[in-house]
Structure formats: structure tokens, C-alpha cells
Amino acid sequence: MKKLLFAAFTAFLALGSTAQELDQTAIKEIRASLKMDAYTKGMQNALSANDINKLAKNLANINEDDHRFTYRVDVKGITDQKSSGRCWLFTSLNMFRPKAMEVFNVNSFEFSQNYLYFWDIFEKANLFLNNMIETADQPIDDRLVQWYLSSPVSDGGMWSSFANLVDKYGMIPKSAMTETHSSENTRSMVKFINLKLKEDGLRLREAANSGAKAKELQAMRQEMMKDIYRMLALNLGIPPSEFTWRYEDKDNVVSAYQTYTPLEFKQKVLGDIQVSDYVMLMNDPTRPFNVHYEIDNYRNVEEGVNWHYVNLANDKIKAMAIESIKNNEALYASCDVGQQLDRDYGILDVDNFDYESVYGVSFTMDKAERIQTKSSGSSHGMALVAVDIDDKGNPVKWQFENSWGESAGHKGYLTFTDEWFDEYMFRIVVHKKFVTPEVLEIYETEATMLPAWDWMF
């Protein structure tokens with residue numbers, strides 16, 4: 001044992017000795033390595049006065065008319081999440097807008113995002129308070145406790161978050177609970193709700209550690225939730241338990257007034273469609289493929305399901321996505337939208353910007369390395385609605401229906417190359433009828449649990 005400890009200590013010393021300070025000799029060598037030739041001087045002048053994207057844009061790669069597709073879902077209209085992080089909610093609802101337009105025979109339709117957003121924050125607050133009770137015996141600096149306290153609620157979410165909400169609270173048209181300034185500009189509201197929740201979380205921990213019984217703690221939690229409901233109602237309005245609605249169809253016929261509960265309206269629109277029948281597929285090359293994974297405690301509703309998915313190679317994901325689009329069904333998709341985005345033309349292409357030429361250095365990390373170093377990760381959800389296929393049946397490019405308004409990108413849409421898909425697409429959600437039997441079998445196996453703070457999430 002003593003020999004093992006000595007060997008470990010020796011190895012530690014050897015490792016530590018590799019650290020090197022920047023002494024004057026080292027600094028002098030580094031300074032001398034920069035040759036201020038004509039190109040370097042010119043680029044220094046350019047970079048000091050311009051946004052790098054203006055200098056790095058690859059002129060030879062611009063094709064503003066490249067927005068035509070072999071297969072495209074019949075979608076109409078563009079939504080706008082404004083200054084909020086509700087992309088996942090807009091995307092999920094947008095998947096079913098074509099279905100609503102078909103059911104009511106209308107030219108346009110939009111669900112109320114504000115309605116489900118209210119319940120999302122409300123349910124997340126309840127989950128946070130429950131987590132504070134359950135971890136009250138852990139020290140305040142415990143990694144899990146700190147993870148909970150870092151952001152009790154947020155705008156962020158996932159397909160499973162949407163599924164949890166819709167199954168419990170239903171859906172309503174936008175006119176039944178319209179947007180407010182706070183729903184479109186969420187930062188201040190979320191800030192103060194989090195401030196209140198952190199205070200309440202500490203009080204629950206104090207009570208639990210002072211001997212309060214489970215019933216007493218839950219009574220405290222119930223009173224705390226009343227404050228959260230009040231704050232949400234003041235910012236977002238009161239979500240209706242029922243509403244009366246009518247519409248004008250494509251033939252200019254105005255319908256009779258109809259009263260619905262949100263769950264009745266969901267049933268009217270979705271019919272036999274069950275949100276639980278949709279499967280999430282992920283491309284995470286840092287982990288083995290063909291495995292079912294679950295993220296611990298990543299949900300918004302206490303009794304809901306956690307985020308879970310099957311990790312697959314991109315070629316398998318693409319095949320199922322193509323089948324869905326061919327059958328006129330949009331998909332939930334999530335990607336790293338800020339990478340190589342040409343906002344002017346609405347195109348995502350790995351060759352849009354040549355940063356290496358601007359800086360004179362190379363950037364060589366692959367997708368797995370970018371994930372592991374948190375250099376890339378999913379940042380935005382959009383509906384995947386189109387694919388262009390070459391004469392050999394291979395995908396060439398794809399298209400997102402975005403939620404940044406019509407003025408963003410190409411009339412509200414973003415086209416991306418198949419190469420960009422490989423590098424920066426992370427997950428899609430597809431109906432199980434388009435999923436292969438082998439993948440469905442994996443999806444039904446017990447999931448491997450990953451921690452909430454995992455690098456991918």
C-alpha cells in the first residue's frame with residue numbers, strides 16, 4: 001500500500017512539473033512569432049473596425065435563391081417568439097398548426113404559446129420546491145443542490161416538456177390567451193420569480209432541518225405556489241379553464257360560437273394523435289449509438305416524464321426525418337443555430353464564413369470535441385419542414401420553419417446543407433410510425449441515466 005501511495009504521489013509531482021509560467025524568455029519568443037507583414041497589418045486594421053462575420057463571409061458560397069426542395073410539408077405562416085427563450089414551445093405547437101388549419105378549414109392559425117408558457121413556469125416552480133424539500137438533508141454546496149438553485153425556472157424546454165404540458169393542460173387558440181409584454185420579453189419576470197423561489201427554497205430547507213414534518217413542508221410549498229401563481233397572472237394573464245371561440249374559414253363562412261375547455265380543444269385538433277407516440281432521436285458522438293438515454297430530473301411537471309432519447313448515427317436519423325417530411329408531417333428539431341448562419345440569406349452552411357483565413361489559424365475540433373468542450377451544443381428549436389434529394393436519393397439540403405418572425409432569414413425560414421446537418425444538428429422528434437422497428441425496440445429498453453449537469457445539456 002505504501003509503495004502504491006508513493007507511486008501515485010510521484011506521478012502527481014511529475015504531472016505538476018509540466019506547468020510552466022510565462023517568463024520573459026517565453027514571452028519574447030511568442031512576441032517574435034507574430035510577423036507584421038502586409039496581410040497581417042491589413043487584417044488587424046480590418047478586424048479592429050469591423051464585425052468578423054463581414055470579413056469572413058465566403059462570397060463564393062452565397063446562393064440567395066437556393067430555397068427549393070423536393071419534399072416540403074404544407075406549412076403556412078411564421079410565428080415570432082420575440083425576446084424569449086420559448087423556441088421549444090413555439091416549435092412543438094408549430095408542428096400541429098397545419099393539422100389545426102385542416103380541422104377548421106382556415107387559411108391561418110396559431111396556438112396560444114402564452115397559455116402553455118404560464119403552466120410551464122408554474123409547474124417548474126413546483127418541481128423546484130419539491131426538489132428543495134427532497135435535498136434538504138444535503139449541504140447547501142452539494143453539487144445537485146447548487147444545480148437546482150442555479151436556475152429554479154427558465155424559458156428553456158424540450159419536446160418532453162411540451163408533451164407533459166399538453167397532456168395535462170391541453171391547447172387553446174392564440175386569441176383565447178394572447179401574448180403580453182412579459183411573455184414576449186421574459187427576462188425580468190423570470191428574474192423575480194427565481195428570486196422568490198430561491199428565498200422559498202431556503203425557507204423549506206430551514207424548516208425541514210428544524211424538524212418540520214412532511215405534511216407541514218407540503219403546506220408551506222402550497223402557500224408559496226400561490227405567490228408564484230400571482231406573479232405569473234400579473235405578468236401573463238390568467239389562463240382560461242374554458243373559452244368561447246369562433247373563426248372564419250377559407251370560404252369566408254363564420255362559424256358559430258363554440259365553448260371548449262383546453263383539453264377539449266386539444267382533442268378537437270389532435271383527434272387520435274397522441275404526443276406520447278413521438279420519439280426523440282439524438283446525435284451525440286461523444287456516446288455510444290443505439291442506446292436509450294434519460295436525463296435525471298430534466299422535466300417540468302412533477303409527475304411528467306424526463307427528457308429521454310435514442311442516440312443514433314446521423315444517417316439513420318435522416319432516413320426517418322425524410323419519411324416524415326415525405327408524408328407531410330413536420331418534425332421538432334434542435335440545433336446549434338448560431339454556427340455558420342448567414343442571416344441575410346437565411347442559409348446555414350459549413351462554408352459560409354472562413355474564420356481560419358481571417359485569423360491565419362486553424363480550427364480543427366470535430367463535433368464530439370466541440371460538445372465535450374462546450375464549444376457547441378443545442379441552442380435553438382425549430383420545425384423541420386423540407387428536404388431536397390439528389391438523383392441518387394441522398395439529402396442535399398433541408399429547411400427549418402423558424403420562430404423569429406418573417407423578416408428573419410428567408411421569409412422566416414432557414415435553409416441548411418446536409419453537411420451542416422452532420423455538424424450542428426443534435427436531435428429531432430418523429431412520430432413512431434416513421435421509426436424503424438430496431439430503434440423502437442431500443443426506445444422501449446430501460447434508459448441509461450445521465451446527470452442533469454451533463455456536458456450535452
Side-chain angles (χ1 to χ4, degrees), residues 81-93 111-134 147-174 176-204 217-243 261-266 275 297-307 452:
Q81 68 190 74
K82 300 293 179 68
S83 296
S84 74
R86 300 173 294 161
C87 58
W88 61 277
L89 188 51
F90 275 70
T91 298
S92 300
L93 288 170
F111 291 104
S112 171
Q113 300 90 4
N114 190 25
Y115 171 74
L116 287 180
Y117 180 58
F118 182 107
W119 291 121
D120 178 60
I121 299 296
F122 185 74
E123 288 280 358
K124 284 174 178 172
N126 181 63
L127 182 62
F128 168 77
L129 294 177
N130 283 335
N131 287 335
M132 287 293 96
I133 294 172
E134 291 173 8
W147 177 259
Y148 292 147
L149 285 168
S150 65
S151 181
V153 302
S154 72
D155 286 356
M158 176 47 52
W159 167 260
S160 54
S161 308
F162 169 76
N164 288 337
L165 293 173
V166 167
D167 280 343
K168 186 170 183 176
Y169 293 104
M171 312 157 85
I172 66 175
K174 188 167 187 174
M177 189 173 177
T178 59
E179 294 284 280
T180 69
H181 176 81
S182 293
S183 70
E184 294 179 340
N185 302 270
T186 58
R187 179 174 296 181
S188 292
M189 180 190 74
V190 170
K191 170 187 173 181
F192 288 109
I193 289 177
N194 275 332
L195 184 64
K196 184 60 179 170
L197 284 171
K198 290 179 181 183
E199 174 187 312
D200 290 344
L202 291 178
R203 301 297 168 262
L204 286 170
L217 293 172
Q218 291 305 331
M220 289 177 64
R221 179 200 53 79
Q222 178 74 357
E223 290 302 310
M224 292 169 177
M225 287 302 300
K226 292 177 182 178
D227 286 339
I228 301 304
Y229 185 90
R230 173 183 175 81
M231 295 176 75
L232 285 168
L234 291 174
N235 279 281
L236 305 178
I238 299 173
S241 55
E242 67 175 23
F243 62 93
T261 68
L263 286 172
E264 288 171 345
F265 190 78
K266 169 204 165 188
V275 292
N297 208 255
Y298 197 113
R299 62 185 186 278
N300 53 346
V301 176
E302 178 64 46
E303 68 275 22
V305 299
N306 284 331
W307 176 0

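Hydrogens, waters and symmetry mates are skipped; everything else that's a heavy atom, side chains included, is used.
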Which residues share a side-chain hydrogen bond (donor to acceptor under 3.5 Å, both in side chains) with [X], sequence neighbours left out:
| X | value |
| --- | --- |
| Y115 | none |
| S84 | R86 |
| S183 | E179 |
| N306 | E294, R299 |

With sequence neighbours excluded, tell me which residues meet salt bridge (Lys or Arg N to Asp or Glu O under 4.0 Å) with [X].
| X | value |
| --- | --- |
| D200 | K196 |
| R187 | none |
| K174 | E110 |
| E184 | K82 |

Can you see which heavy atom on [X] is nearest to which on [Y], and at what distance?
| X | Y | value |
| --- | --- | --- |
| F162 | V275 | CE2-CG1, 4.1 Å |
| V153 | A125 | CG1-N, 3.6 Å |
| R221 | L204 | N-CD2, 4.3 Å |
| D167 | L263 | O-CD2, 3.9 Å |
| S160 | W307 | OG-CA, 3.4 Å |

Quiz item: Where do M177 and F118 land on the side-chain contact (heavy atoms from CB on, under 4.5 Å) test, with the steps shown first?
Solution: CA-CA 10 Å; M177 189 173 177; F118 182 107; 4.2 Å; yes
Is any side-chain heavy atom of [X] closer than 4.5 Å to a side-chain heavy atom of [Y]?
| X | Y | answer |
| --- | --- | --- |
| Y169 | E123 | yes |
| T186 | Y117 | yes |
| N300 | L127 | no |
| D120 | L89 | no |

When rounded to the nearest 0.5 angstrom, what distance separates [atom1] in [X] from [atom2] in [Y]?
| X | Y | atom1 | atom2 | value |
| --- | --- | --- | --- | --- |
| H181 | S188 | NE2 | OG | 7.0 Å |
| M220 | I133 | CE | CD1 | 8.0 Å |
| D155 | Q81 | CG | CD | 9.0 Å |
| I193 | F122 | CD1 | CZ | 10.5 Å |

Quiz item: Taking only residues two or more places apart in sequence or in another chain, which ones pass side chain to side chain contact (heavy atoms under 4.5 Å, CB included) with F128?
Solution: M132, Y148, L149, P152, L197
Quiz item: Can you list the residues that meet the ring-ring contact (aromatic ring centres under 6.0 Å, His included) rule with W88, with sequence neighbours excluded?
Solution: none
Please list, one pair per line, the donor and acceptor atoms closer than 3.5 Å that link side chains of residues 224-242 to other protein atoms, with sequence neighbours excluded.
from : atom 1 : to   : atom 2 : distance (Å)
K226 : NZ     : E223 : OE2    : 2.9
N235 : OD1    : S182 : OG     : 2.8
N235 : ND2    : M231 : O      : 2.8

